[in-house]
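Given the structure is predicted, the values throughout are model-derived calculations rather than measurements. The first residue in the sequence is number 1, and the count goes up from there.
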Amino acid sequence: MLNYKRYRRNPVVDYPEREWPNKEIQKAPVWCSVDLRDGNQALIDPMVVDEKIEFFQFLVNMGFKEIEIGFPAASQIEYDFLRQLIERQLIPDDVCVQVLTQCREELIERTFEAIEGCKQAVVHIYNSTSTLQRDVVFHMDREQIVDIAVKGTNMVKERAAKFPGKIILEYSPESFTGTELDFALEICTAVQETWGATKENPIIINLPSTVEMNTPNVYADQIEWMNKHFKNRESIILSIHPHNDRGTGVASAELAMLAGADRVEGTLFGNGERTGNVDILNIAYNMFSQGIDPELKIEKINDIIEIYERCTKMPIHPRHPYAGKLVFTAFSGSHQDAINKGVAAMKERQNPYWEVPYLPIDPADIGREYEPIVRINSQSGKGGVAFIMDTYFGFKLPKGMHKEFANIIQALSEKQGEVSPEQIMEKFRENYLDRKEPIHFRKLRVDDLSGETTSEFDTSVEVVYTDHGVEKKFAAKGNGPIDAVQRGLQEALNIRIKVLDYEEHALQSGSNSQAAAYIHLLDTEEGTVTYGVGVSSNITRASVRAIFSAINRLGLGDR
């Protein structure tokens, strides 16, 4: 039996005055990428200096203005990386690098050596504050934990006063989500006052969900409580750093933004310790889907994927939001049909807003392709097959034909699994366009009889065809070419047929355009029906080919 009784519920916040549920996200936060620190330290094969430089430059090009580059006091490769960024002048003036260090004097000293020559930097100090870590890791009481943070702040303050560039202090009470709120406020306020934070020289107070311990609404309550109880709130940039242990990192971040967070630390695609950091791209694309400028250059998601996978050696899951290979793909028949109709309705109505069922954004807006949206397998339906024929090949199948052709593709998919668009087109040719035996249309002559008052018909035709390889011909009259050919075939083949429906459309525009014609034909003796399809640069010839296609599909040439 699952031993669930080993675990206790984490406490929630008694905070009935919460206001965040009634708010909406209005703008992008300050983004801080921690890919090169939190993300990199979680890799099986961490990035080397050249890879880190490439990744840093890519983050800059994406629009990140704050980038945590590592723990230079604890790692020689991160120290060397930072020195290269500074000495090679790779840090733009409007970008602020962030360096992490514990509240230990030798580490802080080494950190300031690492940032020498930097125009501006965020020095990020932290210490663990949770009840559990105070008890089992540090064996310290609250006062001792506060003393660590205050001493660390003073060490940074002393060195910042001598530093020629701008130093911004960031403080994180690590394991904030497991810390009593009154104590979290106490230690953050002590750091804030020690630093001497003002509106003009604010401090970053970062409240990390170091380990997700509860539902996202609880994190939002914690953030709002802190936001409401801070002294001199205008002197604080309230930052969050959610992890994803419960799989709700994005939700925690979004609710925390409603609760007052100004800044979000995270990584591309959620890389990081255990189940990862919050996925900045996921939040940014969520904003984009709501008509909010995410203030990051995320239009070309395939470029982001390429450099991420190459530098981190980590693959993107095929179901990853926005980035996965399958997220803009519909296998379900009902989904395919709805997508097809939604796209058509947008075009017909010239709707300026994207409104397509099952697709929250236009894949093309982020550099994805339309082609993979609908894919065909045994779960697909008639709408999906029709969508493929229209989108890929320009054949707008009559509605009545959707099921007939989908049944052909269904049989193939049940044998082999997913069916590619090329295979669908091959089956379309085999079953319709190339159904030229045993009755094969060869030549057509059409004469207009409308000026002859003695005739009850307005059109005459002469048709040359082969019957099981033997050339034959017939002449017939009717009201239009299709009616005349139908009458002639009935006489020549001794059959009884009726055209139930006829549709046509251009396959392409221009002087070399071709037309497609669809004939829905009934064998009146057997009561069977089918469609035939013909293609030609001449619409009349295309229609005749469609009739012959249907004749062969019904097996009428073998009677």
For the atom pair CD (Q41) and CG (D35), what is the distance rounded to the nearest 0.5 Å?
-> 12.0 Å
Rounded to the nearest 0.5 Å, the CD atom of E143 sits from the CD1 atom of I148 at a distance of 12.0 Å
More than 12 non-hydrogen atoms from neighbouring residues, nucleotides or ligands closer than 6.0 Å to NZ on K300, yes or no?
-> no
State whether the number of non-hydrogen atoms from other residues, nucleotides or ligands found under 6.0 Å of Q416 atom CD is greater than 12.
-> yes
What class does the angle between the rings of F288 and Y285 fall in, given that below 30° is parallel, 30 to 60° is tilted and above 60° is perpendicular?
-> perpendicular
Hey, can you tell me if F112 and F163 have their rings parallel, tilted or perpendicular (30° and 60° cut-offs)?
-> perpendicular
T194 and T153 side chains, donor-acceptor separation under 3.5 Å = no
Could you verify whether a donor N or O on one side chain and an acceptor N or O on the other, from D221 and W20, lie under 3.5 Å apart?
-> yes
H241 and E170, any side-chain heavy atoms less than 4.5 Å apart | no
E265 with R37: basic N within carboxylate O range, under 4.0 Å | no
Is any NZ, NE, NH1 or NH2 atom of the basic residue among R83 and E113 found under 4.0 Å from an Asp or Glu carboxylate oxygen of the other?
-> no
Whether R246 side chain and V211 backbone form a donor-acceptor pair below 3.5 Å | no
